[in-house]
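We number each residue from 1, following the sequence as shown. We count ligands from 1, going down the list as the structure has it; atoms in each ligand are counted the same way. Since we're looking at a predicted model, the values are computed, not measured.
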Amino acid sequence: MVPECCDGSRVLLGVSGSIAVYKAIEVTRKLQQAQIRVQVAMTSSAQQFVTSLTFQAITGHPVFDDLWVSKGRIEHVEQSHDMDLLIVAPASANILAKMATGLADDPVTTTALSTRAHILVAPAMEDGMWRHPATQHNMQILRDRGVWVVGPTEGVLASGRVGLGRMASPDEIVDAALHILHPPPLSLKGDRIVVTAGPTQEMIDPVRMLSNRSTGAMGIALSEEAVRRGAQVCLVLGPTHLKPRDNNHLRVVRVESASEMLAAVQAELAECTMFVGAAAVSDFRIANPRTSKWKRSDSEATHLELVENTDILKTATARLRALREDAWVMGFAAETEDLEQHARAKLERKGCDVVIGNIVGPNRGFGEGRTEVLVVSRQQPAEVLGPATKSEIGSLIWDKVAQMRGKFH
Ligand code: CTP
């Protein structure tokens, strides 16, 4: 969804040499659809993959592709003043290293060094190059300098191998660009939020477990949106294939079982102003998990003894309220029926300020697709948000919360 306010912004897309160059064409298109004026700068390696003519045809502007062809002006200086955001996508390991050290010997790095506009990089490279300490050190330097980073993600890489190093999708890049160009109201500035998300896994034996279908997508979306609104977030995340976006204000603590989740939450509460329980916590764990694999022939193999897990939300709420008067708590209720009734009961039973209800079933509620939620609180009648993507729902939920807390500026 493209916000209406996004016209008039100017982006320079810096394209460096990576097989992901073809996706930069889609980034250009999507930025244009958001009414953003796009111009392109390319390194000579990028031109080994796609010619500058392609970008010139799409943008309708000459491409800055050669430092040594004078058009009667100092191109990188002109470019650097003429934009609100420089997006380097794809950003190869080489260009990131050059940017980190301040080298400037091509159209993209000369512009990056001259500009005072925001810079967003979308790294794309082989897994080993991304994980190399040199690249990680360069990324830290860039982050510390205020450069925004989107991706990389895990998936099939140019080599055909699976790993971390795939460029973020054009949608994710444009989404990040829109948030930089038009940040949402900083209604969570000063908040320190602990969010639980994802499933928990309760081991039965070393290879089997009790778990559920949660992916953590909603809790991750809420965490990322809270960060955009100025909060510091600690995300206590159960086992999931999803990877929250890299950000200095989002700390991720990975856990597996409900007991680990509880311990991680308790360790964070003293500093926290808000608690969000979005995790699908297993209600029970195995009384005596086996240290070796159950065999079919075991006479007891048809019987599992379960013990109840502590209610993390209820425990955290009580503790937080004892620590600070203005503490604020959001719970979730995933139900197959009677959503409002169950959500209201959980609001009271667990002492939350708001409960976000969603209907779940065989094909509903889990994963990253579009969804719909019900906001249940004591102050206002229940309200449906959506259908929308989880990231849009995250934003709508924080708008509601900000309203309820009276902190909208
Ligand atoms: N929750 C929690 N710790 C638990 C169980 C649930 O923190 N051990 C939180 C969830 O993160 C969610 C809310 O409580 O925010 C509701 O979770 P749900 O599983 O729907 O509630 P239960 O209390 O387990 O109720 P029931 O299973 O009977 O629906």
Side-chain angles (χ1 to χ4, degrees), residues 193-203 209-223 226 233-240 242 252-269 272 274-287 306-321 327-361 364-366 371-378 382 385 390 393-394 397-398 400-401:
I193 309 177
V194 176
V195 179
T196 64
T200 60
Q201 293 178 346
E202 310 298 332
M203 296 316 285
M209 63 202 166
L210 276 186
S211 192
N212 58 68
R213 295 175 54 213
S214 167
T215 60
M218 190 68 250
I220 292 173
L222 274 170
S223 302
V233 176
C234 172
L235 172 61
V236 182
L237 186 58
T240 173
L242 298 181
V252 182
V253 179
R254 298 262 181 184
V255 295
E256 290 188 351
S257 65
S259 313
E260 282 174 23
M261 188 172 272
L262 175 66
V265 165
Q266 279 174 329
E268 299 293 334
L269 281 183
C272 136
M274 222 194 272
F275 180 76
V276 176
V281 185
S282 173
D283 288 331
F284 300 97
R285 66 177 178 278
I286 312 302
L306 302 177
V307 283
E308 205 165 330
N309 277 326
T310 305
D311 190 320
I312 300 172
L313 176 58
K314 195 169 171 183
T315 311
T317 306
R319 170 98 198 284
L320 203 54
R321 299 230 188 271
W328 219 85
V329 178
M330 184 192 306
F332 275 75
E335 310 290 343
T336 47
E337 64 258 312
D338 300 330
L339 182 58
E340 181 169 351
Q341 192 188 329
H342 286 305
R344 233 169 247 295
K346 282 175 191 175
L347 182 81
E348 296 309 330
R349 192 165 79 235
K350 304 192 184 217
C352 305
D353 295 287
V354 67
V355 166
I356 309 297
N358 63 317
I359 289 285
V360 289
R364 288 185 73 178
F366 298 106
T371 190
E372 189 175 286
V373 297
L374 186 72
V375 182
V376 176
S377 69
R378 287 178 205 87
L385 303 178
K390 290 214 165 140
I393 295 273
I397 289 176
W398 284 126
K400 289 274 4 141
V401 170

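The distance from ligand 1 to the heavy atoms of Phe332 drops below 4.0 Å at these ligand atoms: 12 (C), 13 (C), 15 (O), 16 (C), 17 (O). Those atoms of ligand 1 with a heavy atom of Gly331 less than 4.0 angstrom away are 15 (O). The ligand atoms of ligand 1 that sit less than 4.0 angstrom from a heavy atom of Ala279 are 10 (C), 11 (O). Residue Arg349 approaches ligand 1 through these ligand atoms, each under 4.0 Å from one of its heavy atoms: 23 (O), 25 (O). Annotation for ligand 1: atoms under 4.0 Å from non-hydrogen atoms of Asp283 are 5 (C), 24 (O), 27 (O).
Enclosure of atom CD in Glu348 by more than 12 non-hydrogen atoms of other residues, nucleotides or ligands within 6.0 angstrom is indicated.
Ranking the protein heavy atoms by distance from atom 15 (O) of ligand 1 puts Gly277 O, 2.5 Å first. Counting only heavy atoms of the protein, atom 8 (N) of ligand 1 lies nearest to Thr310 O, 2.9 Å. Atom 9 (C) of ligand 1 has Leu313 CB, 3.7 Å as its closest protein atom, hydrogens excluded (heavy atom only).
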In sequence, state the C-alpha distance, the side-chain angles, and the governing distance for Ser257 and Arg285, and then conclude on side chain to side chain contact (heavy atoms under 4.5 Å, CB included). CA-CA 8 Å; Ser257 65; Arg285 66 177 178 278; over 6 Å; no
Going through the checks in order, is the side chain to side chain contact (heavy atoms under 4.5 Å, CB included) test met by Gln266 and Thr315? CA-CA 9 Å; Gln266 279 174 329; Thr315 311; 3.9 Å; yes
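Counting only heavy atoms from C-beta outward, the side chains of Val329 and Arg321 approach each other to under 4.5 Å. Here the side chains of Met209 and Met203 are in contact, with some heavy-atom distance below 4.5 Å. Proximity of Met218 to Ile356: side-chain heavy atoms (C-beta onward) are nowhere separated by under 4.5 Å. Contact of the Ile312 side chain with the Phe275 side chain is registered, since non-hydrogen atoms from C-beta on lie closer than 4.5 Å.
A salt bridge is defined here as a Lys NZ or Arg NE, NH1 or NH2 lying under 4.0 Å from an Asp or Glu carboxylate O, and Asp311 with Lys346 fails to meet this definition.
Not a single heavy atom of Lys314 sits closer than 4.0 Å to an atom of ligand 1. Not a single heavy atom of Ala258 sits less than 4.0 Å from an atom of ligand 1.
Considering backbone and side-chain N/O atoms, Lys350 comes within less than 3.5 Å of an N/O atom of ligand 1. Taking distance alone, with nitrogen or oxygen atoms compared against 3.5 Å, Ala280 stays at or beyond that limit from ligand 1.
Proximity of atom 20 (O) of ligand 1 to the protein is indicated by at least one non-hydrogen atom lying closer than 4.0 angstrom.
Distances from atom 29 (O) of ligand 1 to the heavy atoms of His342, Glu335, Lys346 put Lys346 nearest.
Nearest approach of Gly198 to Leu237, heavy atoms of both residues: N-CD1, 4.3 Å.
Residue-level proximity to ligand 1 for Ile312 is carried by backbone and side chain together, each with a heavy atom below 4.0 angstrom. Within the 4.0 Å heavy-atom criterion, neither part of Val355 lies near ligand 1.
Here the rule is side chain to side chain contact (heavy atoms under 4.5 Å, CB included) with Leu339, and of Ile359, Val376, Val360 only Ile359 fits it.
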